[in-house]
Amino acid sequence: MHRVKYIVQSVTKYSFFVISLVFLFPCRYTVMGNLLKVLTCTDLEQEPNFFLDFESEIFLPFPSALFHLLAVNNPSFSKLTSKCTNLVSQVSFLVSALHSLLRALTSETYDDPTQHLEREQALAKQFAEILHFTLRFDELKMTNPAIQNDFSYYRRTLSRMRINNVPAEGENEVNNELANRISLFYADATPMLKTLSDGTTKFVSENKNLPIENTTDVLSTMASVCKVMLETPEYRSRFSSEETVSFCLRVMVGVIILYDYVHPVGAFAKSSKIDMKGCIKVLRDQPPNSVEGLLNALRYTTKHLNDESTTKTIKSMLQ
């Protein structure tokens with residue numbers, strides 16, 4: 001039951017922070033390296049100055065302490081109802097924030113996605129933060145498999161209290177409708193990835209006048225940028241923390257999954273604009289314990305991995 005409280009707190013606070021940044025700080029700075037050059041250059045040694053600075057303070061990075069809520073001392077349950085309400089509402093706002101970012105990054109203001117990401121890097125960073133949070137949240141959820149049972153126990157306890165006319169303490173009681181929504185949310189193995197995948201699919205379906213390539217090209221370009229930064233020692237050496245490596249890895253996997261959901265043939269087909277072999281190799285080159293969750297995300301939460309169009313080489317790389 002405690003775990004229910006902690007993860008509810010995590011998604012509420014973190015998603016609120018994401019949304020605050022998106023809507024309160026929509027600044028469009030171009031303060032980092034030349035994105036266009038790194039993607040079009042055939043010899044990376046000729047362009048040593050490229051660096052997509054995920055660590056820049058101009059983007060107001062999220063405090064990492066939000067991800068350590070599972071280890072804090074047992075808090076009071078007096079505000080559980082408000083936390084649960086915020087969980088549901090903030091997840092909804094997170095999808096709205098995602099749509100706003102995708103709308104900005106896929107508009108036809110610029111000629112191609114590299115220009116979008118190069119000139120709208122503050123927005124691209126906020127999109128990356130959402131992806132990072134999504135993967136991190138689901139990692140926490142998967143390492144706390146008892147959370148559904150805990151919440152079910154909480155609901156049964158409340159039910160018995162109602163039958164016995166025992167009043168709930170303070171604001172502890174969650175109504176049935178809200179409890180059902182929370183249970184449905186946590187029923188999925190990776191609830192945040194599902195939320196984001198469904199949200200991106202909905203964005204594409206609701207914007208029929210926007211070519212689907214606008215969305216898929218932005219996603220594939222972000223995957224390429226992350227891959228290049230991770231596999232090129234010169235760029236990777238500029239990271240001041242290993243946490244930035246984890247950040248890039250999660251963002252890369254996140255955009256691959258979204259691409260796989262919205263592209264007609266997915267991310268694993270030969271016609272895909274994402275270098276899946278290269279991306280998987282980057283993951284395989286990391287310490288095994290640090291990326292197993294991300295590899296599992298590609299194995300079990302993508303849509304087209306098991307399609308006939310997926311090459312045997314890619315399938316074997318993910319075995």
Side-chain angles (χ1 to χ4, degrees), residues 32-41 44 50-54 98 101-102 105-106 112-118 120-121 123-136 138 193 196-197 199-201 203-204 212-232 235-236 239 244-286 291 293-299 301-305 309-311 313-314 317-318:
M32 296 179 290
N34 193 323
L35 177 63
L36 184 60
K37 288 182 181 178
V38 77
L39 293 174
T40 58
C41 180
L44 289 175
F50 167 78
F51 188 64
L52 184 58
D53 189 0
F54 282 141
L98 171 70
L101 287 168
L102 286 175
L105 292 171
T106 61
D112 57 58
T114 55
Q115 289 186 0
H116 261 296
L117 295 178
E118 182 182 23
E120 307 279 11
Q121 292 189 40
L123 297 180
K125 176 58 162 52
Q126 303 313 319
F127 182 41
E129 289 284 3
I130 290 179
L131 293 166
H132 172 257
F133 162 67
T134 297
L135 272 296
R136 187 70 184 97
D138 285 347
L193 266 175
L196 228 61
S197 298
T200 306
T201 302
F203 171 81
V204 171
I212 191 172
E213 291 79 13
N214 288 30
T215 302
T216 56
D217 285 354
V218 166
L219 298 175
S220 62
T221 301
M222 286 195 70
S224 298
V225 171
C226 291
K227 180 183 77 71
V228 170
M229 290 175 64
L230 289 163
E231 70 184 1
T232 309
Y235 302 144
R236 183 161 173 164
F239 295 153
T244 308
V245 175
S246 298
F247 183 96
C248 287
L249 290 168
R250 291 191 183 103
V251 173
M252 183 182 72
V253 170
V255 291
I256 288 172
I257 292 171
L258 296 187
Y259 182 100
D260 193 56
Y261 267 84
V262 299
H263 194 281
V265 298
F268 302 96
K270 289 183 178 180
S271 59
S272 169
K273 291 188 178 181
I274 296 179
D275 176 12
M276 284 305 306
K277 292 180 183 178
C279 290
I280 297 171
K281 183 180 184 302
V282 166
L283 288 169
R284 289 290 190 188
D285 288 342
Q286 313 305 314
V291 296
L294 297 178
L295 289 169
N296 284 337
L298 292 178
R299 291 177 185 126
T301 66
T302 47
K303 184 178 180 181
H304 294 281
L305 175 61
S309 59
T310 303
T311 65
T313 302
I314 291 178
M317 291 177 73
L318 285 174

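Just so you know, these numbers use all the heavy atoms, side chains as well, and skip hydrogens, waters and symmetry mates. All of these numbers come straight from a predicted model, not from anything done at the bench.
- Formation of a donor-acceptor pair under 3.5 Å by the Thr106 side chain with backbone atoms of Thr215 is not found in this model.
- The distance from the OG1 atom of Thr310 to the NZ atom of Lys270 is 11.0 Å, given to the nearest 0.5 Å.
- The minimum heavy-atom distance between Ala297 and Leu135, with the atom names listed, is CB-CD1, 4.3 Å.
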Kindly determine whether Arg236 and Thr232 satisfy side chain to side chain contact (heavy atoms under 4.5 Å, CB included), including the steps that lead there.
CA-CA 6 Å; Arg236 183 161 173 164; Thr232 309; over 6 Å; no

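- Closest heavy-atom contact between Ile212 and Pro264: CD1-CD, 4.1 Å.
- The line from CE of Met252 to CG of Leu298 is 7.5 Å long, rounded to the nearest 0.5 Å.
- Rounding to the nearest 0.5 Å gives a distance of 8.0 Å between CG of Leu295 and CD1 of Ile280.
- Taking all atoms of both residues into account, the shortest heavy-atom contact from Gly266 to Tyr259 is O-CE2, 3.5 Å.
- To the nearest 0.5 Å, atoms OG1 (Thr216) and CG (Leu258) are separated by 12.0 Å.
- Closest heavy-atom contact between Met222 and Ala124: CE-O, 4.0 Å.
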Show your working on side chain to side chain contact (heavy atoms under 4.5 Å, CB included) between Leu283 and Val253 and close with a plain yes or no.
CA-CA 9 Å; Leu283 288 169; Val253 170; 4.0 Å; yes

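- Contact between Asn296 and Arg299 at its shortest, heavy atoms only, is OD1-NH1, 2.6 Å.
- Put simply, the side chain of Ser224 never gets that close to the backbone of Asp275: no donor and acceptor are under 3.5 Å apart.
- In this structure, Leu318 CG and Thr302 OG1 are separated by 7.5 Å, a value rounded to the nearest 0.5 Å.
- Counting all heavy atoms, side chain and backbone alike, Val251 lies closest to Cys226 at CG1-SG, 3.8 Å.
- Proximity of a side-chain donor or acceptor of Arg136 to a complementary backbone N or O of Arg250 within less than 3.5 Å is not detected.
- The main-chain N or O of Phe268 is never found under 3.5 Å from a side-chain atom of Ser272 such that the two would form a donor-acceptor pair.
- Under a 3.5 Å cut-off, the side chain of Tyr261 and the backbone N or O of Leu196 do not form any donor-acceptor pair.
- Asp285 places a side-chain heavy atom less than 4.5 Å from the side chain of Lys281.
- Here the OG1 atom belonging to Thr200 is positioned 4.5 Å from the CG atom belonging to Leu98, to the nearest 0.5 angstrom.
- Among the candidates Leu219, Ile256, Val255, Asp260, the single residue satisfying the side-chain contact (heavy atoms from CB on, under 4.5 Å) test with Ile274 is Ile256.
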Tell me, with the steps shown, if Gln286 and Val245 meet side chain to side chain contact (heavy atoms under 4.5 Å, CB included).
CA-CA 10 Å; Gln286 313 305 314; Val245 175; 4.0 Å; yes

